[in-house]
4 protein chains.
Amino acid sequence: MQSRTPAGRAGRPRSAAADAAILAATRAALVELGWSGLTLSDVAARAGVAKTTLYRRWAGKNELVVDAVAELFDELRLPDRGSLAADIEGVVLQFAAILARPEAGSGLMGVVAESTRDDALRERIRASIVRRQKRLVLAGRARAEQRGELPPQADPEAAARTVDLIFDMVAGAVVHRALVSAEPADEAWARDFTRVLLRGLTAAG
Amino acid sequence: MQSRTPAGRAGRPRSAAADAAILAATRAALVELGWSGLTLSDVAARAGVAKTTLYRRWAGKNELVVDAVAELFDELRLPDRGSLAADIEGVVLQFAAILARPEAGSGLMGVVAESTRDDALRERIRASIVRRQKRLVLAGRARAEQRGELPPQADPEAAARTVDLIFDMVAGAVVHRALVSAEPADEAWARDFTRVLLRGLTAAG
Amino acid sequence: MQSRTPAGRAGRPRSAAADAAILAATRAALVELGWSGLTLSDVAARAGVAKTTLYRRWAGKNELVVDAVAELFDELRLPDRGSLAADIEGVVLQFAAILARPEAGSGLMGVVAESTRDDALRERIRASIVRRQKRLVLAGRARAEQRGELPPQADPEAAARTVDLIFDMVAGAVVHRALVSAEPADEAWARDFTRVLLRGLTAAG
Amino acid sequence: MQSRTPAGRAGRPRSAAADAAILAATRAALVELGWSGLTLSDVAARAGVAKTTLYRRWAGKNELVVDAVAELFDELRLPDRGSLAADIEGVVLQFAAILARPEAGSGLMGVVAESTRDDALRERIRASIVRRQKRLVLAGRARAEQRGELPPQADPEAAARTVDLIFDMVAGAVVHRALVSAEPADEAWARDFTRVLLRGLTAAG
DNA sequence: GGGTAAGCGAGACGGTACGTCCCGTCTTATC
DNA sequence: GATAAGACGGGACGTACCGTCTCGCTTACCC
């Protein structure tokens, strides 16, 4: 989102309802048409909005899809299933469920593909998706420390590096399994994956 | 590639040089224009070939890019650096180096985005990229068994599951680090990642 | 003009200055942008007036331009140069000078083009421009009768027909010369034209 | 027209039928929609042709309409009605009949309006319409000289000036009568007009 | 070594979406 | 109630690619 009538007062204010309608229409269009089939004219029509309204708020397809997809990942929650392993499995399965929805997979891969040539887009993805979802890793570790499953980490810089690594390992593995290898990221897989990850993080060595 | 003068005989045979020129032109265009900027007219012009020639050999942009990108990953080699950890680090760094090239990252993400709505394309990616590069995991494990770093695995089905899991974990983490988080997958990161992965695979537990 | 605060009293009265500013802005925009480039948003901005103000007073571009152009032709004066021939030449040259200004030529042709499909607009042109400028023909004939250059005309209906004919012949020739043939309607041409016209009107026959 | 595959050979040749279909569709659209309502998308659709095909052959609406309208005036013929006066009346009535058709009047005025800011367009009008129809004046004078109604003109430069003047007077009067004054240019008017014109040209003085 | 069928370059073709611009209306707050 | 400001739904613009087609040439294979 980047709306809000600029500074002060003059003129008709922007419709608040339009933003939500546009993002929902974007996801619906991604479901039906996929990334390359998505056109802004179509999104505008679905949202019951003129193309100008859409372009007044988003610079283009890329920015729009980042926002539409980012909202999807905000649905993720860290469940409390009693143990760190079970919590991780829960998040992995939720994440896999979201990626299995066509709007998420094709939208995410599409904007990542475009971001290789667009610095502003890359930063938008990092801010709206990557940094925002690292909250799950932080929350998971905090809970595990409360439970005594993980020791508190003294060095804050090393802790941050570990958070980044875990996030890339978890998100990367699920994305790759679901979208590149195109195999189901089901409960059995989530269990196997979680076992390897947790051992790697906790084993003496 | 899917050329070869169809069944029999008559008529002028297809130019062998054209295939290679087209794939190289595709990669060059991906570097300059990115996935969405790539047009088949432009590729044909760069390759010094008519559009008809290109369409006679590939069904469209997606198929062409899969083939062009697949060739890039064929450059990957399993180095012999004396230990499994060092071998993995070597492959991770090679993989990261390839993904850092714009033609690889944007091409791979582009076709994966499209593959969410195109079963044939998804299978083409699995065959040309995923299954083909699993050779690296297989070779790594074989060498580690020879060195005695890993025990021979009895159950072939479990072995296959492990190969798949390792491949998704390695490739996924590198792809996510390089393209989604958009942070450098450098030597320090490769060391951290490899330590967690190897402990996860070898620790008692 | 068709303003004037409607019937009675209530509320803020319309700004009188705005009408003049808008018509002047319209002519300025015609000079810079021509008929097709003229937009009402731009006129409003030039006049320092909101679009709503403009639409409250004129129905659209056509009506606005008729009024703006009509004011230009009101500048025409019948000079007293001592003879009917000289008077006609004077008016012809004044008329040509006005049509040479881009706001007049492009504005007039533009609204005439539109008037072929808009009866109200056609009548507005006839009232604001055609009938209003026929005063010049009437004044010229009156003065020529005073001078004894033309005999008084008895039949009022025939007189009206002749006024119409002369008006179309003079205005038509100048417009066609200046805008369609796009050749200069200069003094030499005015002299040639006036000679033919006057002979045609006065010769025995 | 400005088509024709450039120099030599390569590539699919342009469809000859398309040109004619497009010009006819342009006239049909002018009839229904008028100058400002005419859109090139609509013309293309009526002609059963893609917009690209249209833009490949004409630079824009202005050029297209000049060509479409010019063809209308090519229908004009100098009738042989036995006397110069009758011949002129015949041409005047034909010309009035063409201008009464909405495609002619609105198209001609529209392009003339645009030509005030476009030198190339102005020249196109002069070449395709003005200079081309002067043939009628030339033919009329030649026939009148044969009949002995007009003396042969010695000075070729003066003759050219006279042709230009007559053309602007005839065409201008008819255009102004029909489109600006918006009164019928009927037989009575044509007789009155022709009488004045012919007396002006032939009277001693 | 001559005939022929497919490959090839060029580029026109019917389509479709783009992102921009203007239209004429509307909704605010201010005067 | 008129105004300035500007968002709104709508629609045409001219451009760019798409994937197909229609040409005239070229080239290797088969008889």
Side-chain angles (χ1 to χ4, degrees), chain A residues 3 5-6 8-15 18 36-42 44-45 47-57 59-61, chain B residues 3 5-6 8-15 18 36-45 48-61, chain C residues 5-6 8-15 18 36-42 44-45 48-57 59-61, chain D residues 3 5-6 8-15 18 36-42 44-45 47-61:
Chain A
S3 319
T5 312
R9 334 142 274 110
R12 175 173 173 176
R14 290 199 178 156
S15 157
S36 69
L38 179 148
T39 74
L40 294 209
S41 307
D42 181 74
V49 138
K51 249 195 319 173
T52 38
T53 297
L54 205 160
Y55 277 105
R56 211 173 279 125
R57 298 166 192 227
K61 176 167 160 170
Chain B
S3 319
T5 312
R9 337 145 268 107
R12 175 173 171 176
R14 292 196 179 157
S15 157
S36 71
L38 180 147
T39 75
L40 294 209
S41 305
D42 181 75
V43 168
V49 136
K51 260 199 306 175
T52 34
T53 299
L54 204 161
Y55 277 104
R56 209 172 283 120
R57 298 166 192 226
W58 282 276
K61 175 167 160 170
Chain C
T5 311
R9 335 142 273 110
R12 175 171 170 178
R14 289 198 181 157
S15 157
S36 70
L38 180 147
T39 74
L40 295 207
S41 305
D42 181 74
V49 136
K51 262 198 306 176
T52 34
T53 299
L54 205 160
Y55 276 105
R56 207 172 283 120
R57 297 165 193 227
K61 174 168 161 172
Chain D
S3 319
T5 310
R9 334 146 271 109
R12 177 172 171 175
R14 289 200 178 157
S15 157
S36 69
L38 179 148
T39 74
L40 295 210
S41 308
D42 181 74
V49 137
K51 246 192 325 170
T52 38
T53 298
L54 205 160
Y55 278 105
R56 210 173 280 124
R57 296 165 192 227
W58 282 278
K61 176 168 161 171

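Numbers restart at 1 for each chain; the letters A, B, ... are given by sequence-line order, proteins then strands.
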- When the distance from CG of L54(C) to P of dT25(E) is rounded to whole Å, what number comes out? 12 Å

- Item | For atom CZ of R14(A) and atom P of dT27(E), their distance in whole Å | 18 Å

- Along DNA chain F (nearest heavy atom to each residue), the more 5'-positioned of G48(C) and K61(D): G48(C)

- Position toward the 5' end of DNA chain F (nearest nucleotide), T53(C) or L40(D): T53(C)

Atom pairs under 3.5 Å, N or O on each side, protein against nucleotides 20-23 of chain F: can you list them with distances?
{"residue": "dC21(F)", "atom": "O2", "partner": "R12(D)", "partner atom": "NH1", "Å": "3.2"}

- Task: Calculate, to the nearest 0.5 Å, the distance between atoms CG and NZ belonging to D42(C) and K51(C) respectively.
- Result: 11.5 Å

- Message: With side-chain contact (heavy atoms from CB on, under 4.5 Å) as the criterion, how do T53(D) and R56(D) come out once you've worked through the C-alpha distance, each side chain's angles and the decisive distance to 0.1 Å?
- Response: CA-CA 5 Å; T53(D) 298; R56(D) 210 173 280 124; 3.9 Å; yes

- Message: Go nucleotide by nucleotide along DNA chain E from the 5' end; which of V49(B) and V49(D) gets its closest nucleotide reached first?
- Response: V49(B)

- Item | Earlier contact from the 5' end, DNA chain E, for T39(A) and R56(B) | R56(B)

- Message: Please give me the minimum heavy-atom distance between L40(B) and L54(B), naming the atom from each residue.
- Response: O-CD1, 3.8 Å

- Item | Smallest separation among heavy atoms of A18(B) and S15(B), with atom names | N-OG, 3.2 Å

- Query: Do K61(C) side-chain atoms and L38(C) backbone N/O form a donor-acceptor pair below 3.5 Å?
  - Reply: yes

